[in-house]
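Structure, as structure tokens:
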Amino acid sequence: MFVQVIQGQITDAEQAHTAFDRWMEELAPEATGWLGSTAGVTADGRFIVLARFDSADAARRNSESPAQDKWWHEFSTLLTGSAIFHESEDVTVDQSGDPNAAGFVQVIQGRASNPERARALMAEHPEEWAAFRPDIIGSLLAIYDDGAFTTALYFTSEAEAREGERKEPPASLKATMDELNSLDAEQPVFFDLDQPWLFSPR
């Protein structure tokens, strides 16, 4: 899988959502290799989208499409500055439910001092995690060449996500969480999408 992350400050969340709905209607049918997108705008106007493709070539072909170029030119007028782009083929997906049914998505960006160890830790104790946090129905982790990463956590609802945050984990999971936190090379940045836009091929 290949993931392209695009982010920036948006002027009008409703217009941005309308633009994505139009992309689904007009461009998605021709977007060969597109697997789906998670997008949204935070309460303070930060926009982010994670677009998933089956390969970097598919993403490039989509970007080079004249219709896509026209759509992006129109969409970018809603940004207050330049968009920031990240791309990765180092992608890990985990699903215990249907992420497209998520009522809340939290996107986290940061940098790991040891990306391989972080990936291994996140794969540990899947059954314990599922039992401890049933509100998490899926996750996506994209790691970049410099150790920076973007991860998306898909929750049943924000209320259940907040309740889950307050729960005390069992000892084995707490040890994993503590080690993961120790690998943060910089302070993580959170994007809380309380009205996520979840798109997938029809």
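Scope of the values below: all heavy atoms of this structure, side chains included, with no hydrogens, waters or symmetry mates. On a predicted model such as this, the values are computed, not experimentally measured, just so you know.
Of the inter-residue distances, the one linking Trp129 atom CH2 with Ser139 atom OG reads 11.0 Å to the nearest 0.5 angstrom. Within the model, atoms CG of Asp94 and CE of Met122 stand 8.5 Å from one another, a figure rounded to the nearest 0.5 Å. For the atom pair CG of Asp44 and CD of Gln9, the computed distance is 6.0 Å after rounding to the nearest 0.5 Å. The distance from atom CD of Gln109 to atom CD1 of Ile48, rounded to the nearest 0.5 Å, is 4.0 Å. Rounding to the nearest 0.5 Å gives a distance of 9.0 Å between CD of Gln15 and CD1 of Ile10. In this structure, Met1 CE and Arg52 CZ are separated by 6.0 Å, a value rounded to the nearest 0.5 Å.
Taking all atoms of both residues into account, the shortest heavy-atom contact from Ser157 to Phe104 is C-CB, 3.7 Å. The two residues Pro134 and Thr156 come nearest to each other via the heavy atoms O-CG2, 4.4 Å. Heavy atoms only, all atoms of each residue included: Pro169 and Phe132 are closest at CA-CZ, 3.4 Å. Shortest non-hydrogen contact noted between Ser200 and Met24 is O-CE, 3.5 Å. Nearest approach of Gly147 to Pro115, heavy atoms of both residues: CA-CG, 3.8 Å. Considering all non-hydrogen atoms of both residues, Ala185 and Ala112 come closest at CB-C, 4.3 Å.
Val93 and Phe149 fall into different hydrophobic clusters, defined by Ile, Leu, Val, Met, Phe, Trp and Tyr side-chain heavy atoms under 4.5 Å apart, directly or through other members. Cluster annotation: Val91 is not connected to Trp34 through the hydrophobic network of ILVMFWY side chains, with a link wherever side-chain heavy atoms come within less than 4.5 Å. If you chain together hydrophobic residues whose side chains sit under 4.5 Å apart, Leu35 and Val5 fall into the same group. Cluster membership for Leu27 and Phe53, using ILVMFWY side-chain heavy atoms within less than 4.5 angstrom, is shared.
In this structure, Val49 and Gln7 have side chains that are not in contact, with every pair of non-hydrogen atoms separated by 4.5 Å or more. The closest side-chain heavy-atom distance from Gln95 to Ile137 is not below 4.5 Å. Between Asp54 and Phe2 the shortest side-chain heavy-atom distance does not fall below 4.5 Å. At least one side-chain heavy atom of Leu121 sits under 4.5 Å from a side-chain heavy atom of Leu183. Under the 4.5 Å side-chain criterion, counting only non-hydrogen atoms from C-beta, Leu153 is not in contact with Val105. Considering only heavy atoms from C-beta on, Ile108 stays 4.5 Å or farther from Thr150 through its side chain.
Ser88 contributes a side-chain N or O that, together with a main-chain N or O of Ile143, makes up a donor-acceptor pair within less than 3.5 Å. Without hydrogens or angle criteria, Thr176 side chain to Ser172 main chain gives a donor-acceptor distance under 3.5 Å. A distance-only check finds no donor-acceptor pair linking the side chain of Asp69 to the backbone of Ser65 [under 3.5 Å]. Using a distance-only test at 3.5 Å, with no hydrogens or angles considered, a donor-acceptor pair links the side chain of Thr151 to the main chain of Leu140.
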Hey, mind stepping through Arg119 and Thr92 against side-chain contact (heavy atoms from CB on, under 4.5 Å) and telling me if it holds?
CA-CA 8 Å; Arg119 190 197 339 268; Thr92 303; 4.0 Å; yes
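Scored by the salt bridge (Lys or Arg N to Asp or Glu O under 4.0 Å) test, Glu14 finds no partners at all (sequence neighbours excluded). For Glu64, the side-chain hydrogen bond (donor to acceptor under 3.5 Å, both in side chains) test picks out no residue, with sequence neighbours left out. For the salt bridge (Lys or Arg N to Asp or Glu O under 4.0 Å) test, no residue two or more places apart in sequence or in another chain qualifies with Arg61. With sequence neighbours excluded, the residues satisfying side-chain hydrogen bond (donor to acceptor under 3.5 Å, both in side chains) with Trp23 are Gln68.
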Counting only pairs under 3.5 Å, give me each side-chain donor-acceptor contact of residues 187-199, with atom names and distances, residues two or more places apart or in other chains.
| residue | atom | partner | partner atom | Å |
| --- | --- | --- | --- | --- |
| Asp192 | OD1 | Gln106 | NE2 | 2.8 |
| Asp192 | OD2 | Arg162 | NH2 | 2.8 |
| Trp197 | NE1 | His17 | ND1 | 3.4 |
| Trp197 | NE1 | Gln195 | O | 3.3 |

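Ring to ring, Trp72 and Phe85 are close: their centroids are under 6.0 angstrom apart. Remark: aromatic rings of Phe20 and Trp71 are close, center separation under 6.0 Å.
Pairs of residues two or more places apart, or lying in two chains, that qualify as salt bridge (Lys or Arg N to Asp or Glu O under 4.0 Å) and include a residue from residues 131-154 are Arg111-Asp146, Arg133-Asp135.
Look at Arg22 and Glu25 and you find no salt bridge, because none of the NZ, NE, NH1 or NH2 atoms lies under 4.0 Å from a carboxylate O. In summary, Lys174 and Glu179 do not engage in a salt bridge, as defined by a charged side-chain N under 4.0 Å from a carboxylate O.
Between Tyr154 and the options Asn100, Thr38, Asp98, a side chain to side chain donor-acceptor pair (under 3.5 Å) holds for only Thr38.
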